[in-house]
S.K.: 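After the structure tokens below, expect a handful of questions from me.
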Amino acid sequence: MQASTVVSLVVPFYNEGVGVDAFFKAIGATLASVDAVTFEIVCIDDGSKDDTLARLLTASRSDPRIKILELSRNFGKEAALTAGLDVATGDAVIPMDADLQDPPELIIRMIEKWRLGADVVLARRIDRNGDSVAKRGTANLFYKIHNHVSHVEIPANVGDFRLMNRASVEALKRLPERQRFMKGMFAWIGFHTDVVDYTRQPRSAGTSKFTGWKLWNFALEGFTSFSSAPLRIWTYIGAFSTLLTLIYLIFIVTRTLIYGVDVPGYASLLVTVLFFGSLQLLSVGILGEYIGRIYTESKQRPVYVVRQVYGNSDES
Ligand code: UDP
Ligand code: MG
């Protein structure tokens with residue numbers, strides 16, 4: 001590969017002020033050790049309310065590789081990543097977290113594998129001790145269920161930290177959905193994929209932005225974006241319960257014909273009514289999840305809005 005190879009890092013920042021300096025310090029040494037590659041560091045300020053942007057600007061003054069994209073408000077990590085991928089110009093692009101949970105040294109190994117011919121190089125966590133037990137448990141459960149019902153398999157223990165070559169980035173950009181479940185979209189595009197393993201570190205500073213409720217919604221996003229199984233399952237549940245009801249109907253009618261009208265039956269009646277009532281509510285709720293998503297897609301709003309671009313933007 002020639003000396004003109006450019007690799008872009010895409011880093012979303014949301015209220016990461018306390019960690020900004022540590023981040024640039026940590027990646028500095030790593031980037032310097034890779035030869036024949038020019039780096040571009042695309043930082044997305046995802047509507048931070050602290051001094052993240054000011055610190056990014058300070059850092060960019062002494063480092064021309066830093067390019068800053070300020071979003072007009074907090075759009076969420078998926079949107080911030082999308083914004084970063086849209087402006088990244090590198091021959092390869094590496095999205096990574098700002099909290100140093102994705103070890104920078106891995107970049108070297110990813111680039112090696114890329115040079116050996118991989119289109120996409122995934123960073124796989126072999127040890128998630130940096131995350132809480134509850135988070136690990138629910139994550140595992142999510143991958144298990146998701147990969148069972150969806151036709152797009154999301155590799156377990158792989159986050160957004162990965163290297164993608166230009167062709168796969170361009171492929172990703174062609175996915176127009178507004179509800180962006182990046183893990184699934186990354187998996188959907190395919191390409192020749194290689195893996196490097198690492199141990200997940202605890203956060204360098206600050207706190208996680210993904211708490212229980214947010215993660216639950218994230219998981220829902222994953223299911224509904226890449227599988228229609230939750231919709232289809234009602235056909236089978238409906239068919240099955242119709243069959244059972246039919247059998248019971250024949251039984252009860254025959255019994256009434258033979259033994260005459262029999263008043264007791266309150267319990268079975270109530271149970272049946274309640275059971276089917278709640279089953280219907282549940283299925284309507286699931287329909288609602290999908291219809292809600294159709295609604296947001298049909299509005300065709302942009303995934304993110306840029307307030308301002310700073311850094312080497314004048315050279316395009
Ligand atoms: N992030 C973002 N927008 C958000 C939430 C998070 O850009 O609305 C960024 C955050 O600054 C960090 C990355 O996404 O660089 C991962 O977030 P976090 O470390 O909180 O997630 P976790 O590692 O706990 O899953
Ligand atoms: Mg983190």
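Counting starts at 1 for both ligands and their atoms, following the listed order.
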S.K.: Apply salt bridge (Lys or Arg N to Asp or Glu O under 4.0 Å) to the pair Asp194 and Lys113, showing each step before the final yes or no.
M.R.: CA-CA 7 Å; Asp194 210 335; Lys113 296 243 174 177; 3.6 Å; yes

S.K.: Looking only at protein heavy atoms, identify the closest one to atom 11 (O) of ligand 1 and say how far it is in Å.
M.R.: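 Here the nearest protein heavy atom works out to Glu16 OE2, 2.6 Å.
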
S.K.: Taking everything shown except Arg124 itself, do over 12 heavy atoms lie less than 6.0 Å from its CZ?
M.R.: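 It does not: Arg124 CZ has 12 such atoms or fewer within range.
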
S.K.: For atom 20 (O) of ligand 1, find the nearest protein heavy atom and state the residue, atom name and distance (0.1 Å precision).
M.R.: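 Protein heavy atom at minimum distance: Lys209 N, 2.6 Å.
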
S.K.: Just to confirm my output: which protein heavy-atom neighbour is closest to atom 9 (C) of ligand 1, and how far is it?
M.R.: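 The closest heavy atom on the protein side is Pro12 O, 3.8 Å.
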
S.K.: Considering only the protein, which heavy-atom contact is closest to atom 25 (O) of ligand 1, and what is its distance?
M.R.: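 Ranked first by proximity to atom 25 (O) of ligand 1 is Lys135 NZ, 2.9 Å.
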
S.K.: Other members of the hydrophobic cluster containing Leu116, with the 4.5 Å side-chain heavy-atom rule, please.
M.R.: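 Result for Leu116 is none, singleton.
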
S.K.: Closer than 3.5 angstrom, by distance alone: can the side chain of Glu297 be matched with the main-chain N or O of Arg178 as a donor-acceptor pair?
M.R.: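 Indeed, once roles are kept as given, a pair shorter than 3.5 Å links the two residues.
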
S.K.: Which of the numbered atoms in ligand 1 are under 4.0 angstrom from any heavy atom belonging to Ala98?
M.R.: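 Once the distances to Ala98 are compared, the set is 15 (O).
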
S.K.: Set out, in order, the CA-CA distance, both residues' side-chain angles and the distance that settles salt bridge (Lys or Arg N to Asp or Glu O under 4.0 Å) for Asp160 and Lys77, then state yes or no.
M.R.: CA-CA 10 Å; Asp160 299 324; Lys77 185 185 177 187; 3.0 Å; yes

S.K.: Run through the protein N/O/S atoms less than 2.8 Å from the Mg ion (ligand 2) and write them out by chain and number.
M.R.: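 Asp99 OD2, Gln101 OE1, with waters left out.
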
S.K.: Could you work out, with side chain to side chain contact (heavy atoms under 4.5 Å, CB included) as the rule, every residue matching Arg61, not counting sequence neighbours?
M.R.: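 For Arg61, the residues satisfying side chain to side chain contact (heavy atoms under 4.5 Å, CB included) (neighbours in sequence not counted) are Leu57, Thr58.
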
S.K.: Considering only protein heavy atoms, which is closest to atom 18 (P) of ligand 1, and at what distance to one decimal place?
M.R.: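 The answer is Arg203 NH2, 3.3 Å.
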
S.K.: List the closest protein heavy-atom neighbour of atom 17 (O) of ligand 1: residue, atom name, distance to the nearest 0.1 Å.
M.R.: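 Minimum-distance protein heavy atom for atom 17 (O) of ligand 1 reads Phe210 CE1, 3.8 Å.
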
S.K.: Are side-chain heavy atoms of Ile154 and Phe186 found at a separation under 4.5 Å?
M.R.: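 SC-SC contact between Ile154 and Phe186 ruled out.
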
S.K.: Can you pull out the closest protein heavy atom to atom 14 (O) of ligand 1? Residue, atom name and distance to 0.1 Å, please.
M.R.: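 Protein heavy atom with the smallest distance to atom 14 (O) of ligand 1: Lys77 CD, 3.3 Å.
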
S.K.: Checking Thr193 side chain against Phe191 main chain: does a donor-acceptor pair fall under 3.5 Å?
M.R.: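 Here the side-chain-to-backbone pair exists.
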
S.K.: Main chain of Asp97, side chain of Asp102: is a donor-acceptor contact present, judged purely on distance under 3.5 Å?
M.R.: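 Yes.
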
S.K.: Given Asp160, Asn74, Asp99, identify the one with the heavy atom nearest to atom 19 (O) of ligand 1.
M.R.: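 Among Asp160, Asn74, Asp99, the closest heavy atom to atom 19 (O) of ligand 1 comes from Asp99.
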
S.K.: How far is atom 24 (O) of ligand 1 from its nearest protein heavy atom, and which residue and atom name does that atom have?
M.R.: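 Checking every protein heavy atom, the shortest distance to atom 24 (O) of ligand 1 gives Ser208 OG, 2.5 Å.
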
S.K.: Taking the basic N atoms (NZ, or NE/NH1/NH2) and the acidic carboxylate oxygens, is any pair closer than 4.0 Å for Arg109 and Glu105?
M.R.: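 No.
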
S.K.: Donor-acceptor pairs under 3.5 Å, side chain of residues 11-21 to any protein atom, not counting sequence neighbours: which ones?
M.R.:
unit_1 : atom_1 : unit_2 : atom_2 : d
Tyr14  : OH     : Lys49  : NZ     : 3.4
Asn15  : OD1    : Lys49  : N      : 2.6
Glu16  : OE1    : Arg203 : NH1    : 3.2
Glu16  : OE2    : Arg203 : NH2    : 3.0
Glu16  : OE2    : Lys209 : NZ     : 3.4
Asp21  : OD2    : Arg55  : NH1    : 3.1

